[in-house]
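Below you'll find the structure, written out as structure tokens, and then a few comments.
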Amino acid sequence: MDSPQPPPPPPLPPSSLLHNLITFDTKLSLSLYTLTQPIFPRFFLKLLEISGDGRLFFPIILSVLLSPLPSTSPILFTVLVNLLIGSVLDLIIIGTVKHLVRRHRPVYNKHMFLTFAVDHWSFPSGHASRVCFIASVIYFSSDLVSDILAQLEVDLVGFGGYESVRWLNFGVVGWACATSVSRVLLGRHFVFDVAAGAGLGVLNALFVVNVLNCEFFRSVVAIL
């Protein structure tokens, strides 16, 4: 008498949309990393990485805040404080999301110095969030920046305040885009990590500019 046959294995569950997106993101990021290695010098990408590092940004902001410049231009004090507070918010938001998601960095990520435990995780990109936040605050505060340049009697390009602000915006937006892209080309992050970080940075800037709106700090300066 034949023994009963074992039941057929259950069908494999269909791949989820999230799994497909992660697979696509991983392959796309690896392709970009591989194709651009012979094109972009690593020292240039590292320079962009350093320029967007919080260990450089925070000392610069604090140094300017403690310098005589804010007394010459009270509006500059307002923008600097907003940048500082927004950067602290950025650290909190990015650190929390990294801890919750816990996506590993690309396996080809090499020679990276980790400052905090959450730096082991890849999603979202803290560099992309930070530089997009800075660029967005400057862009959204163009009128204030124009007043600051007038108060400091600074003309960046020799064609008046409007052109100076225009070129400044062009420069910081270009820097933010280049630094964000460099995170993928260095192998530090996947493409979706950078996109999410950039989006969070812009949203943070909108919150700082439109909700804080500089009024509280401007009133403090007026009292002082």
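In this text, all values refer to a predicted model and were calculated from it rather than measured experimentally.
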- Side-chain heavy atoms under 4.5 angstrom apart, residues restricted to Ile, Leu, Val, Met, Phe, Trp, Tyr: same cluster for Val107 and Leu186? no
- Flag side-chain contact, heavy atom, 4.5 Å: Leu168 against Ile138: yes
- Note on the structure: Taken to the nearest 0.5 Å, the spacing of Leu89 CG from Leu203 CG works out to 12.5 Å
- Spatial distance of atom CZ (Phe192) from atom CZ (Phe24) [nearest 0.5 Å]: 6.0 Å
- Partner set under salt bridge (Lys or Arg N to Asp or Glu O under 4.0 Å) for Arg103, not counting sequence neighbours: Asp25, Asp193
- Message: What I'd like to find out is whether the side chain of Pro106 reaches to under 4.5 Å of the side chain of Ser122, using heavy atoms alone.
- Response: yes
- Task: Ignoring hydrogens and angles, tell me if any N or O in the side chain of Ser141 forms a donor-acceptor pair with the backbone of Leu144 under 3.5 Å.
- Result: no
- By side-chain contact (heavy atoms from CB on, under 4.5 Å), Ser182 pairs with (sequence neighbours left out) Leu45, Leu48, Thr179
- Audit row: Leu65, Leu84, side chain to side chain contact (heavy atoms under 4.5 Å, CB included) steps and yes/no: CA-CA 10 Å; Leu65 270 172; Leu84 185 61; 3.9 Å; yes
- Item | Pairs flagged by ring pair (Phe, Tyr, Trp, His ring centres under 6.0 Å) wherever residues 83-110 is involved - sequence neighbours left out | Tyr33-Tyr108, His104-Trp121
- Message: Rounded at 0.5 Å granularity, tell me how far OG in Ser87 sits from CD1 in Ile134.
- Response: 5.5 Å
- Heavy-atom nearest pair, Leu185 first then Gln37, reads O-NE2, 3.1 Å
- Message: Testing the 3.5 Å rule here: is there a donor-acceptor pair between the side chains of Asn204 and Ser129?
- Response: no
- Would you check, one step at a time, whether the test side chain to side chain contact (heavy atoms under 4.5 Å, CB included) holds for Cys177 with Val173? CA-CA 6 Å; Cys177 291; Val173 170; 4.2 Å; yes
- Tightest non-hydrogen contact, residues Trp175 and Ser51, listed as NE1-OG, 2.8 Å
- Message: To check you understand the geometry: which heavy-atom pair defines the closest contact between Ile50 and Leu56, and what is its length?
- Response: O-CD2, 3.5 Å
- Hey, what do you get for CG (Leu80) to CD1 (Ile60), rounding to the nearest 0.5 Å? 11.5 Å
- Hydrophobic cluster identity match, Val81 and Ile92, side-chain contacts under 4.5 Å: yes
- Report yes or no: do Val191 and Leu35 belong to one cluster of Ile/Leu/Val/Met/Phe/Trp/Tyr joined by side chain heavy-atom distances under 4.5 Å? no
- Candidates Leu30, Thr23, Ile22 - the one meeting side-chain contact (heavy atoms from CB on, under 4.5 Å) with Thr26: Ile22
- Would you say Ile85 and Val208 make side-chain contact, with heavy atoms under 4.5 Å? no
- Determine the minimum heavy-atom distance between Ala128 and Val194, stating which atoms define it. CB-O, 3.7 Å
- Assess the side chains of Arg105 and His189: does a donor N or O sit below 3.5 Å from an acceptor N or O? yes
- Task: Could you list all the ring pair (Phe, Tyr, Trp, His ring centres under 6.0 Å) pairs where at least one residue sits in residues 34-64, not counting sequence neighbours?
- Result: none
- For Arg183, what residues pass the salt bridge (Lys or Arg N to Asp or Glu O under 4.0 Å) criterion, not counting sequence neighbours? Glu49
- Message: Going by side-chain contact (heavy atoms from CB on, under 4.5 Å), name the residues that satisfy it together with Ile39, two or more places apart in sequence or in a different chain.
- Response: none
- Mind checking the CG-CD1 spacing from Leu91 to Ile94? Nearest 0.5 Å is all I need. 8.5 Å
- Check whether any side-chain heavy atom of Val209 sits under 4.5 Å from a side-chain heavy atom of Asn82, and report yes or no. no
- Is it true that Leu32 and Phe190 fall in one hydrophobic cluster, defined by side-chain heavy atoms closer than 4.5 Å? no
- Reported CG-to-CZ distance for the pair Leu206 and Phe133, which is rounded to 0.5 angstrom: 10.5 Å
- Task: Spell out, as yes or no, whether a donor-acceptor pair under 3.5 Å connects the side chain of Arg188 to the backbone of Lys110.
- Result: yes
- Item | Exercise: identify the closest heavy-atom pair between Leu200 and Pro124 | CD1-CG, 3.8 Å
- Task: Indicate, with yes or no, if Val211 and Leu83 share a hydrophobic cluster defined by side-chain heavy-atom contacts under 4.5 Å among Ile, Leu, Val, Met, Phe, Trp and Tyr.
- Result: yes
- Non-hydrogen atoms of Val131 and Ser180 that approach each other most closely: CG2-OG, 3.8 Å
